[in-house]
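Proteins come first, then strands; the chains are lettered A, B, ... in the order of their sequence lines, and each starts at number 1. No experiment lies behind these values; they were computed from the predicted model shown.
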Amino acid sequence: MHWPTTPAELEAAQNELATASPPPWTPPHHILIGGVWVCFPRGLTGPGEAGDPAWAAAVVMDGPRVAGRSAIAGAASASYVPGLLALRIGPLLEDVVRRLTPGPDVLLLDATGRDHPRRAGLAVQLGAVLDLPSVGVTHRPLIAAGEWPADVPGAIAPLADGDEQVATWLRTRAGTRPLVVHPGWRTGLPAAVRVVSSSLAGRRTPEPLRRARQVARLARGSVRGP
DNA sequence: GCGACAG
DNA sequence: ATCTTGTCGC
């Protein structure tokens with residue numbers, strides 16, 4: 001599988017992914033959890049465009065330890081359009097995760113899964129491309145809706161598109177906005193929530209994502225934005 | 001028509 | 001995503 005380069009091609013790939021039924025994955029007691037992140041120049045505003053400078057980083061964690069990391073400098077392959085995020089950063093994400101050693105058992109990324117116009121957000125697609133269980137974590141849903149959970153760590157509340165639950169709010173920390181957890185490739189809601197909950201390290205954001213963001217920003221360094 | 005819209 | 005400012009808590 002490779003990355004589509006046009007909206008029509010991506011939509012076709014998403015429609016295919018929406019009906020895929022890969023073997024479900026259940027997290028074992030001890031797993032390596034990966035996180036991947038892409039950052040852009042400071043000062044970049046709006047949806048951006050193809051060719052925007054970009055830095056991607058990935059980390060793999062063994063419990064509290066960073067077992068491996070990778071980073072690359074590259075360019076966005078398209079502007080950002082809701083529902084078509086893969087066109088912008090799909091290739092960068094795949095590239096930087098493939099350079100990660102050791103390889104993770106499951107991958108976290110900032111993207112939706114089934115909370116998507118075609119039920120196949122980037123969290124699903126990247127997992128499929130890499131043949132790796134994946135979980136999406138976002139600040140807000142793309143199209144799903146649902147009331148927030150109680151202000152108690154671990155509390156969840158459904159996010160639905162019509163009558164179908166496609167993701168879940170998860171209160172990772174009291175007094176802070178809940179995150180949206182998206183089942184991705186080979187993961188269901190219980191597995192996705194377990195993976196995220198087990199990687200929090202007392203923070204609002206899963207540690208693999210925080211560390212990947214740190215590494216990406218470090219790679220960006222002091223490069224000036226527009 | 002208008003607003004909303006993963007990053 | 002990124003920026004800015006302000007506020008609160010350790």
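We find that Asp161(A) and Arg119(A) are joined by a salt bridge, their nearest charged nitrogen and carboxylate oxygen being less than 4.0 Å apart.
Contact check, His116(A) against dC5(B): no side-chain N or O comes under 4.0 Å of OP1 or OP2. Contact check, Arg140(A) against dA6(B): a side-chain N or O comes under 4.0 Å of OP1 or OP2. Checking the phosphate oxygens (OP1, OP2) of dT2(C), a side-chain nitrogen or oxygen of Arg220(A) falls inside 4.0 Å.
The nearest whole Å value for the distance from the CZ atom in Arg173(A) to the P atom in dG9(C) is 12 Å. In this structure, CH2 of Trp37(A) is placed 11 Å from C1' of dA6(B), rounded to the nearest angstrom. For Leu179(A) and dG7(B), the CG to C1' distance is 15 Å, given to the nearest whole Å. Rounded to a whole Å, the CD1 atom of Ile143(A) is 16 Å from the C1' atom of dG7(B). Taking atom CG of residue Leu10(A) and atom P of nucleotide dA6(B), one finds them 16 Å apart after rounding to whole Å. Rounded to whole angstrom, the span from the CZ atom of Arg217(A) across to the C1' atom of dG7(B) amounts to 13 Å. Atom CG in Leu44(A) sits about 7 Å away from atom C1' in dT2(C), given to the nearest Å. Across the protein-nucleic acid pair, Phe40(A) atom CZ and dT2(C) atom C1' stand 10 Å apart, rounded to whole Å.
In terms of heavy-atom proximity, Ile33(A) sits nearest to Pro208(A) at CG2-CG, 3.8 Å.
The base of dA6(B) lies close enough to the side chain of Thr112(A) for a donor and an acceptor atom to sit less than 3.5 Å apart.
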Open item on the list: Set out, in order, the CA-CA distance, both residues' side-chain angles and the distance that settles side-chain contact (heavy atoms from CB on, under 4.5 Å) for Thr168(A) and Val180(A), then state yes or no.
Closed with: CA-CA 6 Å; Thr168(A) 182; Val180(A) 183; over 6 Å; no
Open item on the list: Please evaluate residues Asp105(A) and His30(A) with respect to the criterion side chain to side chain donor-acceptor pair (under 3.5 Å), reporting the C-alpha separation (whole Å), side-chain torsions for both, the decisive distance (0.1 Å), and the verdict.
Closed with: CA-CA 10 Å; Asp105(A) 296 305; His30(A) 181 246; over 6 Å; no
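You can call Tyr80(A) stacked on the base of dG7(B); the centres are under 5.5 Å apart and the planes sit within 30°.
Within 4.0 Å of Gly46(A), counting heavy atoms only, lies at least one base atom of the nucleic acid. Base engagement by Gly83(A) is indicated by at least one non-hydrogen atom pair under 4.0 Å involving a base atom. Nucleic acid contact class of Leu109(A) (heavy atoms, under 4.0 Å, all strands): none.
Each of dG7(B), dA1(C), dA6(B) was ranked by its minimum atom distance to the side chain of Arg88(A); first place goes to dG7(B).
Paired with Pro104(A) under the rule side chain to side chain contact (heavy atoms under 4.5 Å, CB included), one option of Val36(A), Val59(A), Leu132(A) passes, and it is Leu132(A).
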